[in-house]
Amino acid sequence: MRLFARRSFLIGVILVGAVVVAALLAGWLAPFDPVKNNFRNRLGAPDDVFLLGTDRFGRDVLSRILFGAQVSLRIGLVVAVFSGIVGALIGLLSGWWRGVDVWLMRVMDGLMAFPGLLLAIALAATLGPSETTVIIALTVAYTPRTARVMRGAVLVARAQDYVEAARSVGVRTLRLLLRHVLPACTAPLVVQQTYVFAIAILAEAVLSFVGVGPPPPQPTLGAIIADGRDTMVEAPWIALAPGVVIAMLVLGLNLLGDGLRDALDPRMRRITS
Amino acid sequence: MLRLVIMRLLAAVPVLLVVSLVSFGLTLLVPGDIASEMAGPTATASDVARVRAELGLNQPPLVRMAQWYGGVIRGDLGRSILLNQSVGAAVLERLPVTLSLTFMGLAVACLIGVPAGLLAAAKARRWPDQVTMGGAMLGLSLPDFWLGLLLIWIFGVQLHWLPTGGFVSPSTDVLGWLRSIALPAGSLALTQLGPIARMTRSAALEVAGSDFIRTARAKGLTEGRVFTRHVLAGAMVPILTVVGIGFGLALGGALVVEQVFSLPGVGRLVIGAVLRRDWPVIQGGLLLTTCIFVLVNLGVDLLYLWVDPRLRESS
């Protein structure tokens, strides 16, 4: 496949693939229970038993990171899918019917006016800390961008001759949208949601870091960093290691998104190689 | 021109309406009882009743909404019981810290990102391009709060060059202020660099194909001058756009970075309020921060007109 011939895309696949495999096999790979305290091994430096050391409750940092990566990936994926579905729906409505367009886009503009993270933090705090809450908060914060991208794609598609032709031979609106317009918009939608996946992982880490993520003792990458923040001097490994995993995931997903965009939209390749 | 400015200003009205509705609506979404939550676990029934009355929670939502809007219009965002201070004063007091951090971070990001993007465009597809774009990509993938901790560890804990947290006001000690803000601004800048450099590069490449660039080359300008003078000018609108978007991202990032470096800014106020469930502060902080963001975007919109004369004529 031509996509894999591109070096950056390949790096993206490797980075994301490595974390996904490690996270999926966490139950099997993790050497210790991620939530079991062991006060005899508090703040232990990395050695050959605890490869990434232990935290202030004596929990194995590597095991916590493996299970934390599971949470990050799950939240990121669900947010990408949900905001993709909702955003696509809003974009379709808005791009097709001018009457609702004005209203829907004003609401989207309003939501986009918030700094995304701040809105997500406020929403997550409002609804109470849980994984579901984080997913809802991030979906609300990041759907408007998807809706905008989708609306743009629908506007382009509806001006195409084949859509006009389908309309003139009497294809019903619903069928027209699903069979003729939607397929033309999937490429930009998929690319956009790859970026949303990456943004959601970063944002989840921030939410967990400031304390409105899934509640403890659930390990999440952001919460492990928050734990390690207080012991930066004695035990810097606690805070530093999870960040590397987040960076791998986000960098990998961004590279995947760029690769997909270049492959799906040849016009862009000249500009972004 | 004036008509255009007024149109842009009017376009901000529905945005602010949605923003204020969401800010107010948050309290309607709280699953539990706000008054007993705010009064604390040891509060008696009369304490809770007092808090409820003080927040006006014993009135129906529509009345509360009318009162809240009435206050907002008069510039009164309510009172924080926990801080014993009006929300407006609490936010305004901390705003300079947040804004100076945001501007410093963004300024450093622009000073490095725009030249890096131009360089990448001038050397497109050769090694300087690949190195800068690789770096930009890495930068925008790093969590800024984590980068802050990394910088603290390197420059504060290991090298002892810079303080690991705390804030010094520029009015008392300018050098101390610079030192206190260097690491936070640095971690913000590193994550903001990426989008700015990437956007500069792609805008510059698009402009580099235009006729007027060929003319500039044909009249014998050096390649450096072609890029710094003509390509940069042509690429200014997309760069400004990304700086405007970058401001929002940097502002959001600053709120979290403050938390890492214990800077007394709006971020720590709002996040502290979130953890203590201090609703008036959450609502007011959200509203005011977003208004600033909207105003900055409006400013960027108006800057376009100044930078690109074609937009002025088309109005």
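The chains referred to below are lettered A, B, ... by the order of the sequence lines, with proteins before strands, and numbering in each begins at 1. Keep in mind that this is a model prediction, so the values were computed, not measured.
- For chain A, the option among Thr290(B), Val294(B), Leu150(B) with the highest count of heavy-atom pairs below 4.5 Å is Thr290(B).
- Top candidate by heavy-atom pairs under 4.5 Å with chain B, chosen from Asp109(A), Val210(A), Leu253(A), Leu111(A), is Val210(A).
- Chosen from Leu149(B), Thr289(B), Leu147(B), Thr27(B), the residue pairing most often with chain A at heavy-atom distances under 4.5 Å is Leu149(B).
- Both the backbone and the side chain of Ala205(A) come within contact range of chain B, with heavy atoms under 4.5 Å apart.
- Nearest approach of Val15(B) to Ala113(A), heavy atoms of both residues: CG1-CB, 3.5 Å.
- Heavy-atom pairs under 4.5 Å with chain B were tallied for Leu123(A), Leu249(A), Leu117(A), Thr126(A); the largest tally goes to Thr126(A).
- Residue Val157(B) touches chain A through its side chain alone, counting heavy-atom pairs closer than 4.5 Å.
- In this structure, the portions of Leu255(A) lying under 4.5 Å from any heavy atom of chain B include both its backbone and its side chain.
- Contacts of Met112(A) with chain B are made by backbone atoms alone, with heavy-atom separations under 4.5 Å and no side-chain atom involved.
- Looking at Ile201(A), there are no atoms closer than 4.5 Å to chain B (heavy atoms on both sides), in backbone or side chain.
- The closest side-chain heavy-atom distance from Arg198(B) to Asp258(A) is below 4.5 Å.
- No more than 12 heavy atoms of other residues, nucleotides or ligands shown are found within 6.0 angstrom of CZ on Phe82(A).
- Leu29(B) CG to Ile136(A) CD1: the interatomic distance, rounded to the nearest 0.5 Å, is 10.0 Å.
- Closest heavy-atom contact between Ser262(B) and Arg229(A): OG-NH2, 3.5 Å.
- Only the side chain of Leu275(B) comes within less than 4.5 Å of a heavy atom of chain A; its backbone N, CA, C and O stay farther away.
- With a threshold of 4.5 angstrom between heavy atoms, Leu287(B) does not approach chain A through any atom at all.
- Of the two parts of Leu138(B), the backbone and the side chain both hold a non-hydrogen atom closer than 4.5 Å to a non-hydrogen atom of chain A.
- Within the structure, side chain to side chain donor-acceptor pair (under 3.5 Å) contacts touching residues 196-211 of chain A (residues at least two apart or in different chains) are Ser72(A)-Glu204(A), Glu204(A)-Ser208(A), Ser208(A)-Thr220(A).
- The part of Ile271(B) that comes within reach of chain A is its side chain, from C-beta onward, which places non-hydrogen atoms under 4.5 angstrom from that chain.
- Interface remark: of the candidates Val244(A), Ile246(A), Leu251(A), Val233(A), Leu251(A) forms the most heavy-atom pairs closer than 4.5 Å to chain B.
- Put simply, the side chain of Trp146(B) reaches to within 4.5 Å of the side chain of Leu240(A), judged on heavy atoms.
- What you find for Ala247(A) and Leu142(B) is that their closest heavy atoms are CB-CD2, 3.4 Å.
- Distance check: Ile282(B) CD1 to Ile121(A) CD1 gives 10.5 Å after rounding to the nearest 0.5 Å.
- Considering Leu119(A), Val107(A), Val140(A) in turn, Leu119(A) is the only one that fulfils the side-chain contact (heavy atoms from CB on, under 4.5 Å) rule with Val22(B).
- Of all heavy-atom pairs spanning Ser141(B) and Asn254(A), the tightest one is OG-ND2, 3.2 Å.
- Within residues 253-261 of chain B, the residues having any heavy atom closer than 4.5 Å to a heavy atom of chain A are Leu255(B), Val256(B), Gln259(B), Val260(B), listed by residue number.
- For the residue pair Leu286(B) and Ala122(A), the shortest heavy atom distance occurs at CD2-CB, 4.0 Å.
- Of all non-hydrogen atoms in Ala125(A) and Val274(B), the two that sit nearest each other are CB-CG1, 3.1 Å.
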